[in-house]
Amino acid sequence: MTETADCIVVGAGVVGLAVARAQALSGREVIVLEAAEAIGTHTSSRNSGVIHAGINYNAGSLKGRLCRRGKELLYAYCAEHGVGHRRLGKILPAFDPDTGEAKLATLKARAEANGLMDLTWLDRAAIRDLEPELDAPRALLSPSSGIVDAHELMLSLRGEIEDRGGAIALGSPVTGGHVGDSLELEIGGANPMTLRCRTLINSAGFDAQLVAAKLQGLPKDTIPPRLLAKGVWFILNGRSPFRHLIYPVGDHTDHHGIHVSIDMGGQLRFGPDLEWVETVDYRVDESRAAIFTAAARAIWPALPEGALSPGYAGIRAKTGRGRATDNDFIIQGRETHGVPGLINLYGIESPGLTSSLAIGEEVARRLATVTA
Ligand SMILES: Cc1cc2nc3c(=O)[nH]c(=O)nc-3n(C[C@H](O)[C@H](O)[C@H](O)COP(=O)(O)OP(=O)(O)OC[C@H]3O[C@@H](n4cnc5c(N)ncnc54)[C@H](O)[C@@H]3O)c2cc1C
C-alpha cells in the first residue's frame, strides 16, 4: 500500500526531532520515521549534554555558526518549555606554564573570529576562587557554556510535533526508496509500507550515509565517507569537586581530550576519549580505568584510587579523520545532489545537540528557498 505525506524526517534523535518541529511549526504535515522502538536511543542520549558556546570552530563553518545560534535558541527554548538546563560556565585551563598561554590565546582568537566575544582570562588566583580544587597558571572562562537534559528536550520537541498533528512512527526503519521526480520510501518493521512525500530529510545520525545509499536515484558520489569514532566516559563515585565544566587545552588532533562534564543530577564524568571503530558497540572496556584515572589526575590530582566507574559510550558521526574542526556539518540539498525536496544531514557530531534547533531553522530556510 502506498501512503502519502507532506514531509518525512528519517531519525528521531534530537536533530531529526528539531528539524521535524521546525517543519511542523511552519504548518507542514510531518511524519518522523524511527527504526528503534523509542526516540533518541543512539547518539542523542550518549553525549556530554553540554551546551557549547562555539569556542573551537573555524570561522565561517556551519559548526561555528549553528552552534552559536543553536545555543541562543536552546537557552530560550529550555526556559520557555521547562526543559532542564544550567548555565554552569566552562573553564579551559592550560596546565603547561610554557606553552599554555599561547594555546589559550589562539583559542580565544579563534572564538572571536567566530563572533564569540565573552571569553575572559583567569589567572591562578581567579581559577582558585571559582574552583578551589583546580590548579593551573592560566585559563579562559566561557560564561555562556552550560548543560541541558537532552531527554527532556527531545520529549518536549516530540510533544510540539504531535500537538501540531505530526506523528512519530517508532519501529519504522527505512529499508529502501527512490528519489527523483517523486520521493518514495520503503518502510520495514511490523507494518511494512511505501510512503510518498514532497519533502524528505535524512537525519539518521551516523547511519545517514547508509540510508542515503538505499535511495535509488541519488548520485552515490554525493555521499561522504562514513566513519565512526567511539567515545567513553568514566563516572566519579561520590560528590563532584567542581561546579564548572572543565575542558583543558591539550595537544589532541582529533578530539578535545578527556575533560570534565557534569550532568543535571550533579554527577561528574571524565571523558570522552576517542577510538576509531568499524561497528556500533556501546560496551565500555573496564580496563581503560587506568588511562582515565591518569588523565583525570592531570585535572584533579586528588582523585582517590578506585573512584572511577565505567560509564557509558557514544559514537561520533564522522565524515573524515583529523580534527573535528576540519570536518564540518554537511547539510546537503538539491544544489549538490540534484534531487528537489531532499536534504541529507551528514557528520552531525558535536556540537549537534547544541545546534539542533538552529539546524532545524537552517533546513527550513533551505527548503523554503528550494521550493519557492
Ligand atoms: C562522544 C560524544 C559526545 C558528544 N557531546 C556533545 C555535547 O556535549 N554537546 C553537543 O552539542 N553535542 C554533543 N555530541 C553530539 C550530539 O550528541 C549529536 O550531534 C546529536 O545527538 C546527533 O543527533 P542526531 O539526531 O543526528 O543522531 P541520533 O541521535 O543518532 O539519531 C539518529 C536516529 O536515526 C535513526 N535511524 C538510523 N537509521 C534509520 C533508518 N534506516 N530508518 C529509520 N531511522 C533510522 C536511529 O535509530 C537514531 O534514533 C556528542 C556526541 C558524541 C558521540
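Just follow the structure's listing: the first ligand is 1, and inside any ligand the first atom is 1.
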Do any heavy atoms of [X] fall under 4.0 Å from ligand 1?
| X | value |
| --- | --- |
| Ser203 | yes |
| Ser172 | yes |
| Ile348 | yes |

Atom CG of Asp163 with >12 non-hydrogen neighbours under 6.0 angstrom: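 Yes, enclosed.
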Crowding at CG, Asp181 (>12 non-hydrogen neighbours, <6.0 Å):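 No, because the 6.0 Å sphere around CG of Asp181 holds 12 heavy atoms or fewer from other groups.
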Side-chain donor-acceptor pair present, [X], [Y], cut-off under 3.5 Å:
| X | Y | result |
| --- | --- | --- |
| Thr194 | Glu186 | yes |
| His52 | Lys90 | yes |
| Gln332 | His337 | no |
| Ser182 | Arg196 | no |

What I want to know is whether [X] and ligand 1 share at least one N or O pair that is separated by under 3.5 angstrom.
| X | result |
| --- | --- |
| Ser355 | no |
| Pro272 | no |
| Thr354 | yes |
| Val174 | yes |
| Lys214 | no |
| Trp233 | no |
| Ile315 | no |

Tell me which protein heavy atom sits closest to [atom], plus the residue, atom name and distance to 0.1 Å.
| atom | result |
| --- | --- |
| atom 44 (N) of ligand 1 | Ala35 N, 3.1 Å |
| atom 49 (O) of ligand 1 | Glu34 OE1, 2.7 Å |
| atom 4 (C) of ligand 1 | Asn47 CB, 3.3 Å |
| atom 8 (O) of ligand 1 | Val50 N, 3.0 Å |
| atom 10 (C) of ligand 1 | Leu353 CB, 3.4 Å |
| atom 6 (C) of ligand 1 | Ser350 OG, 3.6 Å |
| atom 27 (O) of ligand 1 | Gly205 CA, 3.6 Å |
| atom 5 (N) of ligand 1 | Ser48 N, 3.2 Å |

Any atoms of ligand 1 less than 4.0 Å from a non-hydrogen atom of [X]? List them with their elements.
| X | result |
| --- | --- |
| Gly11 | 33 (C), 34 (O), 35 (C) |
| Val211 | 40 (C), 41 (N) |
| Glu349 | 15 (C), 19 (O) |
| Gly49 | 8 (O) |
| His52 | 7 (C), 8 (O), 9 (N), 10 (C), 11 (O) |
| Asp207 | 37 (C), 38 (N) |
| Pro173 | 42 (N), 43 (C) |
| His42 | 30 (O), 46 (C), 47 (O), 48 (C) |

When you compare the side chain of [Y] with that of [X], does any pair of heavy atoms fall below 4.5 Å?
| X | Y | answer |
| --- | --- | --- |
| Gln267 | Leu236 | no |
| Val284 | Phe234 | yes |
| Leu345 | Asn202 | no |
| Ser356 | Tyr77 | no |
| Leu33 | Ile168 | no |

Rounded distance (nearest 0.5 Å) linking atom CD of Glu349 with atom CZ of Phe329: 7.5 Å
Within 45° cone of Phe206 ring axis and under 6.0 Å: Arg316 NZ or CZ: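 So Arg316 doesn't make the cation-pi contact.
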Val10 contact mode with ligand 1 (heavy-atom cut-off under 4.0 Å): side chain
Within reach of ligand 1, part of Leu17 (heavy-atom separation under 4.0 Å):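 Neither; nothing of Leu17 gets under 4.0 Å from ligand 1.
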Side-chain polar contacts of residues 144-152 - donor-acceptor pairs under 3.5 angstrom, sequence neighbours left out - could you list them?
residue, atom, partner, partner atom, Å
Ser144, OG, Lys71, NZ, 2.9
Ser144, OG, Asp118, OD2, 3.2
Ser145, OG, Ser142, OG, 2.7
Asp149, OD1, His151, N, 3.1
Asp149, OD1, Glu152, N, 3.0
Glu152, OE1, Gly84, N, 2.6

Got a list of side-chain donor-acceptor pairs under 3.5 Å for residues 286-293, not counting sequence neighbours?
residue, atom, partner, partner atom, Å
Ser287, OG, Asp285, OD1, 2.7
Ser287, OG, Asp285, OD2, 3.1
Arg288, NE, Asp273, OD2, 2.9
Arg288, NH2, Asp273, OD2, 2.9
Thr293, OG1, Ala289, O, 2.7

Minimum non-hydrogen distance to [atom], winning option of [options]:
| atom | options | value |
| --- | --- | --- |
| atom 52 (C) of ligand 1 | His259, Arg46, Lys230 | Arg46 |
| atom 23 (O) of ligand 1 | Ser44, Ala229, Gly13 | Ser44 |
| atom 30 (O) of ligand 1 | Thr43, Val14, Ile359 | Thr43 |

same_hphob_cluster(Tyr312, Ile315) at 4.5 Å side-chain heavy-atom cutoff: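 Per the 4.5 Å side-chain linkage, Tyr312 and Ile315 are not co-clustered.
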Sole residue of Leu367, Val10, Leu342 in side chain to side chain contact (heavy atoms under 4.5 Å, CB included) with Ile201: Leu367
is_close_aromatic(Trp233, Phe270), centroid dist under 6.0 Å: no
